[in-house]
Amino acid sequence: MKASRWNIYYSDRELAATMGDPLLGTVTSDKSTTKEEAEQVADRTITNRVTCARLWAVAQPEPAPICGPLTAANLQEGTGAGAHPLAAAAFAG
């Protein structure tokens with residue numbers, strides 16, 4: 001099962017803007033965690049915050065792959081999603 005990751009911010013936009021909209025922390029769990037559970041964990045564990053402010057959890061998306069799979073074939077041909085001219089030149093040598 002995928003780990004769930006939640007970025008934690010201040011929920012009040014005016015306070016967040018005043019504080020520079022800081023990322024207060026990240027809640028990570030090996031099991032599926034809901035937004036509310038992530039906010040409760042953050043409320044108990046994040047200490048460097050304004051004590052009366054509510055927190056807001058935002059799901060952290062999975063990072064998108066930068067390029068397609070790199071294979072010797074598409075590097076040599078200079079084609080495909082993973083093709084890069086400099087890498088292709090190394091194989092041309």
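We're numbering straight along the sequence, starting at 1. Since we're looking at a predicted model, the values are computed, not measured.
- Remark: Q60 pairs with R5 by the side-chain hydrogen bond (donor to acceptor under 3.5 Å, both in side chains) rule, at least two apart or across chains.
- Looking at every heavy atom in both residues, W6 comes nearest to A59 through CE3-N, 3.3 Å.
- Distance CG/L24 to CH2/W56: 12.0 Å, rounded to 0.5 Å.
- Linking ILVMFWY residues whenever their side-chain heavy atoms come closer than 4.5 Å, directly or via other members, leaves V27 and L23 in distinct clusters.
- M19 is connected to L55 through a chain of hydrophobic side-chain contacts under 4.5 Å among Ile, Leu, Val, Met, Phe, Trp and Tyr, so both are in one cluster.
- In terms of modelled atom types and a separation under 3.5 Å, the side chain of S11 and the main chain of R54 share a donor-acceptor contact.
- Residues V58 and I46 do not share a hydrophobic cluster, defined by chaining ILVMFWY side chains whose heavy atoms lie under 4.5 Å apart.
- Across all their heavy atoms, A57 and I8 have their closest contact at CB-CD1, 3.8 Å.
- Panel note: side chain T45, backbone V41; a donor-acceptor pair is recorded below 3.5 Å.
- You'll find the side chain of T34 reaches within 4.5 Å of the side chain of E37, heavy atoms only.
- Residues T26 and T28 form a side-chain contact, since some pair of their non-hydrogen atoms from C-beta on lies under 4.5 Å apart.
- Residues satisfying the side-chain contact (heavy atoms from CB on, under 4.5 Å) test with D21, not counting sequence neighbours, are Y9, R13, A16.
- In plain terms, the two heavy atoms of A53 and Y10 that are nearest each other are CB-CD2, 3.6 Å.
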